[in-house]
Every structure is written in structure tokens, then in C-alpha cells.
There are 2 protein chains.
Amino acid sequence: MEDVLEFEKVKSCSKQFVLAINDTLNVMNGKWKLPIIGSLLYGKKRFKELEREIPKITPRMLSKELKDLEMNGIIKRTVYNTIPVSVEYELTESGHSFQSVLDAMLEWGLGHRKSFFTNFKKVDSN
Amino acid sequence: MEDVLEFEKVKSCSKQFVLAINDTLNVMNGKWKLPIIGSLLYGKKRFKELEREIPKITPRMLSKELKDLEMNGIIKRTVYNTIPVSVEYELTESGHSFQSVLDAMLEWGLGHRKSFFTNFKKVDSN
DNA sequence: TTAATAACTATACATTAGGATACTACTATC
DNA sequence: GATAGTAGTATCCTAATGTATAGTTATTAA
């Protein structure tokens, strides 16, 4: 309830509006962030597991994007003193809640595909 | 109802999942698409109006991004036979419905900022 | 006739993102 | 001793993205 009020309040305040949306944009920007988040939604993973699960990603890119996501508080990195060391990556609470954005994107994307391929393409071929 | 079912159905089908999310990502990708969509949410605008409303955008970028958005069925371009010609840009239905994605991004962004500046930063300064 | 506005386009340049490839340190296994 | 696995780094290079600046066509207003 309180959150809905705050949400409505902020929609009219463009500075905060822009900052919050920009934060969200930064979290997903680039070619690899969403695949990484998507993969971690199903549980914690190690570096090599992610590398295998995400087709065509190079270790350089994976390493860079993981650092980015960690700095933004989306994932948590844990090092275990095994020999050799193993490292696990998992989503933070914020990271998990990001699924709501993915859901909105999925829903809009599906609706848009539908209307795009019916309305627009037909008009185009006249 | 039907849409919710379809939504759930598709979440388990990763190919469509990825395509739809990628569509959504493409719509907002780049530095200028969201500012343009944001500006058009408040009503139709002409080229020069957009140029004035969006700080630092160059006509080259504005022109390019408008074409992109038009091709993707997000905005509609109308030319009027005034002298000299005037051109108006407005969101399509799909374009307007994109606000749901922006709302999700805003809501997540606000929540994330909150938890980021309380939890994370405090832990960081220990 | 010079300037201003609308709606762009053209050219050249700079920056950034991402890709290819090879390498490190450590250990275990064949 | 060679190979493989883990978790990455280091370099170099190209392609995509964005910026700066100027020019175009047409018309009206001073």
C-alpha cells in the first residue's frame, strides 16, 4: 500500500524516475547480463558452469559481466577454500526480484510480436 | 485469462521466451530510445519539439532512432501537407503498452536503490 | 536580401563493446 | 611428463555506436 503510494508519487517526479529507470537499464545492458541473470534464476552456479550454459560467451566477457553485476548488488560471489578454489555465484534478493522486470518484458514482447506480425506486416504487404 | 495461461505456457518454452525478451530489449536499446518513448507518452510531438525536449540529442541520432522505432512498430510517423511540411510522431498501441515495462523498471529500480544504499553501502564501509 | 524555421542528410571522427587468442597458477589424473 | 580442469587475466583487433559539424530544400518574415 505504502509502496504503491510512493510509486505514484515518484512517477510525477521526473528526476527520480529517470534515475531509477537508468539503474534498471544499466543492470541489463549489454549482450550477456540477461543470459547470466536468467541462468542464475535457477540456482547458484560456478564460473565454468555458467561458461558452459551460456553459448558463445568468452571467459573474458563472463568475468567482466559478473564483476559488473556484483558491483551493482545483483549477484553475490562466494569463494570456497577447496583445492583448487571453487567460486559460486548466486543472485541477491534484488537479483531475484529482477524477475518481475523480465516478466513484464516477456509479456510485452509476446503481445508486441502478435500485433506486429498481424497488423503491421499485413499493411506492409499491400 | 487466456493471456495469463499463454504467459505461463511460454515461460517454460525457452525459445519463445528468449525471442520475446530480446524484442523488448531491442526496443529500448541505445542511449536515446527510452527518452524518446518517454517524451511521446505525454502526446504526439514534432521533430523539433523532440529535439528541444531531449537534452543533447543530435538531429542525426533523433532521426535514426525515430526510424528504428517506426520500423519496430512502436511509433507512427505522419506527414502533413502544410507548407513547409510538418511531421508528427506518436506512439502506436504497442508503444503505449510499453509503459507497463517502464513501470516494472521504475518499481524495481526504486526498490533496488533503497536496498543498495542501505544494505550494501553500509556493509561496504565496515 | 538576409535571416530564421522545419525536417532532415552527409561526412568525418571518437569511443565503446565485444571477439579471438593466448596465457597464468594450481592441482589431479593418465 | 603430458593432459585436463578451475578460475580467471592480458593483449590485440574489429565492428557498432554515438558525436561534431556542416549542408540541403523549401518557405515566410523583417
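This structure is a prediction, so every number in the text was calculated from the model and none was measured. Note on naming: letters A, B, ... go to the chains in the order of the sequence lines (proteins, then strands), and numbering restarts at 1 for each one.
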Nearest-Å distance, [atom1] ([X]) to [atom2] ([N])?
X	N	atom1	atom2	result
A/Ile83	C/dA25	CD1	C1'	13 Å
A/Lys56	C/dA20	NZ	C1'	13 Å
A/Met61	D/dG8	CE	P	15 Å
A/Leu50	D/dT6	CG	P	12 Å
A/Ile57	C/dT21	CD1	C1'	16 Å

Nearest to the side chain of A/Val87, which nucleotide is it out of D/dA7, C/dA7, C/dG18? D/dA7
Quick note, B/Arg60 side chain, CB onward, closest among D/dT19, C/dG18, D/dG8 is D/dT19
Hey, does the side chain of [X] come within less than 4.0 Å of [N]'s phosphate (OP1/OP2), counting only N and O?
X	N	result
B/Lys67	C/dT9	yes
B/Tyr89	C/dC8	yes
A/Arg52	D/dG5	no
A/Ser63	D/dT9	yes
B/Arg46	C/dA7	yes

Checking A/Trp108 against B/Ser97 for the side chain to side chain donor-acceptor pair (under 3.5 Å) test, could you report, in this order, the C-alpha distance in whole Å, the side-chain angles of both residues, the deciding distance, and whether it holds? CA-CA 7 Å; A/Trp108 184 86; B/Ser97 72; 3.0 Å; yes
Closest-nucleotide mapping onto DNA chain C: is A/Lys31 or B/Phe47 further toward the 5' terminus? I mean the 5' end. B/Phe47
Counting only heavy atoms from other residues, nucleotides and ligands, does the tally under 6.0 Å from CD of B/Glu93 exceed 12? no
Pick the closest DNA chain D nucleotide for A/Arg77 and for A/Pro84 by heavy atoms, then say which residue is nearer the 5' end. A/Pro84
On DNA chain D, nearest-nucleotide positions of A/Glu49 versus B/Trp32: which is more 5'? A/Glu49
Would you mind telling me which of B/Glu53, B/Lys48, B/Glu49 makes a side chain to side chain contact (heavy atoms under 4.5 Å, CB included) with B/Glu51? B/Lys48
Spatial distance of atom OG (B/Ser94) from atom CD1 (B/Ile75) [nearest 0.5 Å]: 12.5 Å
Side-chain (A/Thr118) to main-chain (A/Lys114) donor-acceptor, under 3.5 angstrom: yes
